[in-house]
Every structure is written in C-alpha cells, then in structure tokens.
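Since we're looking at a predicted model, the values are computed, not measured. First the proteins, then the strands, lettered A, B, ... as listed; each starts at 1.
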Amino acid sequence: MSAVPLSLSLSALLQRADVWRGDALGRAEQAGVASGFASLDALLPGGGWPRGALTELLLPRAGLGGGLGELALLRPALKALDADAGWVLLVSPPWRPLAPAWQGFGPGLSRLLVVEAARDDAAWACEQLLASGSVAALLAWLPDSDAKALRRLQLAMAGQQTLAFVFRPNQVVGSASPAPLRISLEADEAGLKLHIVKRRGPPLAAPLTLQIERPVSWARLAARQVLASRQPDVVMREGAPEGRVVNAADAARA
Amino acid sequence: MRWLALRMFRLPIEVFAARAPAVAVTRGRVQVADAAAEALGVLPGQKLSSALGLAPQLTACERDLLRESAALARLACWAGRFSPQVCLAPPDELLVDIGGSLRLFGGLAPLLQQAAAGVAAEAYSVSLGLASTPLAAQWFARAGVAPERTQRPADEQTQLAELPVAVLGLDERSARRLAVLGIERVGTLQALPAASLARRFGPALPMQLAQARGDLPDLRRCFDFPERFSEYLELPARVEQAPMLLFGARRLLQALAGWLNARGAGLQQCVLELEHEDKDDSRLVLGFAAPTRDGERLVRVLRERLDRLELVAPVVGLRLVAERIEAMPGESVPMFGEAGAQGIAPVIERLRARLGREAVHGIATVAGHRPECSTVALDWPQETASSEAPMRPLWLLHEPRPLQERAGRPHHDGPLQLLTRPERIESGWWDTGEGLGDIRRDYHVARSVRGEWLWIYRDASGWWLQGLFA
C-alpha cells in the first residue's frame, strides 16, 4: 500500500467504525441506557451507559476500596432493566451480598446470580457468561486483570445489549485499557465525584459530582458538617445554671 | 392464510446495478426503465433510439433472464426469514405465506416494514400486496394497492372488485376485446357468468377470477431452499478498497441468513470468495463462536474483517459459500417469564465444573432480624416475596471487624461520623451455643474520613464494622 497517497489511506481510516475524531463526541453504535442522572448522560456518548461495551469504574484502593456509592450510581439504570432482559451477575464480589438490600436493586433476586471466583478464573467466568448472550448486566470486580483479559471481555460482548461494569483500583488509571469508557470515582462532601478519564470524545477537565441515593440525604450530611465545624468540642462548665452548654472558646475566655 | 406478494417491478434493470438512467432492452425496444429514465420520459415499449433521443446519457442493458431468475432465487432465500413457505412467481414476483409469522414479528405492520426495508436494502424497487389468496396478493402488488388497505377480508373483496383488468396480465387480443366491451374493472368481470367468459376468453380467465376470490384452490409450488448455499454476485464495478465490498456482500449474507432461517439451521463458519480479474480468488473465512443465523451478526463480523483486509487485486465478483451448517432450533418466547434460562444454563454448568458447585449461586432473603442470618444462598435463583425492608447495606463483611474507640467515638483510619440514631437489633436467644446466638446491637450509618458509607454497631464488647453502603 506504499504507492497509495496518504490522504486516501487516511480517509479510509476515518471510515472505520472504531475510529473517531477527537473534537467530537463519538457516536455510539447503539443508544446507551439512561443512567438516571441527566448531567452524566449529557457527557456520555450514546447518552447513557454503553451497551455491549465495557465500562471501567476505578475505586480508590486506600481504605476499604468500596462503599463510596459505586453501586448506587448504577442503581437507576439497573432498576430500569426489563425483567426479561436477562440476568444480573455479580462476579467475584469483594463482600457478601445482603439479600434484603439487593431485593430492590435491579430486576430483583430472581434474576441475580453470584459467581465467586478468584483472580484468573473471574475474568474467564465473565467471558463465558458474556458470550452466552443472556446477560443483562454484569458487575465484576477484577482488581488483578490486565488489558488483555479486558479485551477478551470486550470481544465476547460485542454487538450485544449487555451492560458491563468492571471495578478496578485507581492505580491502573495510567495503564492502557480497551474499555471505551473509564470513570474514576472519588468521595466528596457534596456527592460522588466522577472523573471521566476516558470516553469517545474530548477529555473532560472538570469532574462531575452526582448526588446519588444514600442512607442519609446529602442535604442532611451537609447540615451536619456545618454543625460539626461550628462546635469543635462541647464542654460543660461547672456551676453554670442548669448545665448550660457553651462552646470551647467561651469556656477558655471565661 | 395470508399471502404477501413482493413485486420487484424494476428487476430486469436493477439486476445490472448500472449507472442511472438505465433501461433493459430486448430486440431494440425498452422493456423496463429505472426511476431516473422514467423521469426523463422513457417508457416501456419505446424504441431504444427514441429513448436515447429523450435521454442521451442512457445506459442500455440487454435483458438477461438468467440473471433475473438468479436474483429472484436469492431474494427467495432472503424471504426465508419471514416464512419457510415462499413461492417464486417469475419473472419478478415472490409470494410469502406470512399467516404463521405475524406473531413472531409483532404484528403485520412491523413485518411489512421489515420486508420493504429488506428489499430496499438490496437496492430493488418493490411494491407489496396482501391478500388471503396468492393470486389476489399478486394483483394488489401489481396495482399498487397498499397492504394496509386489504388487511380486513371485507376490504379485500371490495378492493379486488375495484382493480383494473390490466392486473390480470391478459394477452393483447383479449385485453383489446375487454376494452371494446367497456370492461375496465375486475368487479365487472366477476359479475359476468363464468361460462360465457370461458367461451369468449378461454377457460383460464374465469378460473383466475375464482382463484383470486378463493373459490378455487390455487396450488403453488413452494420454493425449494437449496441443500447447499453457494451464491454468486457480480459487482457492477471493480472494487479496490476492501470496506467497499460490504455493500455487495451484505446482499449475499442477508440471503444466507434467510436461507438458514428457513432450514432451521445456523452456521459457525462461511467462506466469502473474492473473485479477481487476473489472479486466483482470495478466500475470506468468517468464523463464529456459536452457531448463528443472525444476518446483522454475519454482516458485523464481515465488516470487522474487511476493515483490516488489504486486497491483493481489484475484486469483480463475490461468492458466498456456507460449508458447515448445524441444526439450530428457534428460540421460544417464554410463557412465564423464564427468559434466558436456556441460554445461561450451559454456561453455569461449565462454571460450576471448574469453580465448584457453590461458586455460582443465587441469593434469597430469610425472615430474621439478625443481618448475618437474613441471606441464604440458593442453587438457582427463585422468585421471593419482596418485603419492605428497612435501610440495609448491599454488602456485609465476611466477619464483623472490630473498631477502635477513642474519646467515646469509633475510629476507622480516623474518627467516624455517626449519621443516624441507633437502631436496636436484639434477637436470637433460641440458637445460643449453636448459631450466632443472642445478640443485642445498636446499628448506625457512619461515614469515614475517606467518605466511605459504613454500617457499624456497638454491643457490649465495643464498636464493630459490619457493612458497606456501596
């Protein structure tokens, strides 16, 4: 092909489905599943979580490595799944699922399967399950898998309607990944902070903060923060009438 | 029975895929003109010389009946996706019995839309006709009566009577005699006594009328789907870039998909042979992980291959050969919402064979207040009565983890912020010594300095971390 002028091969290259120009949002082959957060949908090519492609969610490894609300983020999309769409699979979850809580998560317990597998087996199990074509959503914790394993997953699900989310530690953010969408999650006082590390389109400078569903509302959390900062330490001054409460600064002045 | 007639009314010229405007000619006379030529005033029956006078840039192709019948057979293969009952009605019509397929396609409208879109994707002009007899369907297609208008049997008879007699395709002499008698509509013919019609126009005419109404049986020979699929397509021009082959190959793949559907089979491998002018053919083998007959999937795999292919020489023709086909029963719509169990069951078996039986399981709730005892693993997920559960975390740690206490507050890499009032869970006196035993715990939702949402409790021995609100 050396005789072919460069412009010709470039135009041929741009016709490929897996090549997109950097200045525009890529057009997803199929529309995504609405995430339930309009501000997030606006940033995702396809207008939602991509179908038939991996989405990588990166969690901080420090601490427990979870519990930020990473599943609450997916909850609206999974809740909207059709009961006949297929199975929801948890592959090598790091903790024990608590059935009463999962009851209201996604299409329900009758469509939920848990696969416990270690390291290499987990990626293999994901690939097998995705290839079956009856998976509506896959949630997999694959901290040790490499780009090659993820590529195999990406191929196994190509052209299907499956939603697939892979949880990995934040440390791998710098390494290559075949997932077309990568989001790094971070806890914040005002909500869950999403850094969209990679998407089919121009990179995003600013993170997005979403007020996901929590056991305590974000507004109440913020109110408590204010309260806590205003009252560093509450002391009881002896002799004050009826045990009056004063704050530490007043006590020191007295 | 519902018959759908597909009439490719420009088939003689469209098989050539020639540059528009174009006409198909026999013995110097225009037979069929394409849309562009028609717009310029070229009509069937004109001399080629007059047609060229109207449209000097006209492409003229000598009509090729062999090519037409090959195209019709390929379309018949494609139509196998709608029903295995497909009949050829040469030169340019196909009949499909869609009576049994309406439900599968979700009703008449989606099926018609798919049929029209499918033929259009093959770049043929089509008109559709729908009726309860094959002949009437053909007539409606010829007259351009939209299928929606003949959906109800009562409408069908009214529309049938309204048709012009030209749809019968009578010979020239009979047509002229009908015109002389002032008979223009099929309804007028139907009203005449059959015996006198037979005497004047031959017995075929009253028979046709009776067959169209369904009074006489109209037996058609079903299209025999070939035993082995091997279809050739000549490309209209030399193709030098591999992705450009997709358009032509798509026709062949759609025909293959229809053929597989009619045979109730799927394939794991097929071969696309690329014919070059002065070199040996190249072979492109398309492989699939599991047997398939999904036309779109075939096209997708081909597109992947073509994107990466560099042609050794320009391509002038394509041949698609299905070598190994496998029986592949259709998927049934589940009656009681057990969708997908068949699809995933073999995979689960394979996973269990490698990971152990307990590694793959469903979960269910058990009545019980103690969190550790409220979940049970099931061999296969079941529908459980959903109850309004209080706020609970999705995850439980395998074992509660002890937390340090400093200045009366629980710590986990820093002080924890308690966000809720205590929720007392106290129960289990009955299995003391065997199971978890009697517990008395005060649960809180807490947030760590890292922003993790935790479920912690305090009992007589101190603070414990038990769950995560993920």
Heavy atoms only, distances under 4.5 angstrom: which of [options] has the most pairs with chain A? Name it, please.
options	answer
B:Leu418, B:Val376, B:Leu465	B:Leu418
B:Arg352, B:Arg354, B:His398, B:Arg447	B:Arg354
B:Val445, B:Leu355, B:Leu351	B:Leu351
B:Ala359, B:Gly451, B:Gly362	B:Ala359
B:Leu419, B:Leu454, B:Leu306, B:Val360	B:Leu419
B:Asp413, B:Leu397, B:Val449, B:Thr420	B:Leu397

Quiz item: Picking from A:Glu186, A:Arg220, A:Glu116, A:Arg96, which has the most non-hydrogen pairs under 4.5 angstrom with chain B?
Solution: A:Arg96
Practice problem: Between chain B and each of A:Ala187, A:Gly108, A:Gly67, A:Ala156, count heavy-atom pairs under 4.5 Å; write down the option with the most. | Solution: A:Gly67
Quiz prompt | Which residues share a side chain to side chain donor-acceptor pair (under 3.5 Å) with B:Arg441, sequence neighbours left out | solution = B:Glu372, B:Tyr443, B:Tyr457
Practice problem: Please check if the distance between the ring centroids of B:Trp455 and A:Trp95 is under 6.0 Å. | Solution: no
Self-check item: Which portion of A:Glu189 sits near chain B, non-hydrogen atoms under 4.5 angstrom
Solution: both
Quiz item: A:Trp102 and A:Leu90: side-chain contact (heavy atoms from CB on, under 4.5 Å), yes or no, with the steps?
Solution: CA-CA 11 Å; A:Trp102 284 91; A:Leu90 309 179; 3.7 Å; yes
Quiz item: Run the side-chain contact (heavy atoms from CB on, under 4.5 Å) check on A:Met157 and A:Leu54 step by step: do they pass?
Solution: CA-CA 9 Å; A:Met157 69 192 298; A:Leu54 282 184; 4.1 Å; yes
Quiz item: With no hydrogens and no angle check, do the side chains of B:Gln254 and B:Glu296 hold a donor and an acceptor under 3.5 Å apart?
Solution: yes
Self-check item: Residues, nucleotides or ligands: over 12 heavy atoms within 6.0 Å of A:Arg152 CZ
Solution: no
Quiz item: Under 4.5 Å between any side-chain heavy atoms of A:Ser132 and A:Trp87, yes or no?
Solution: no
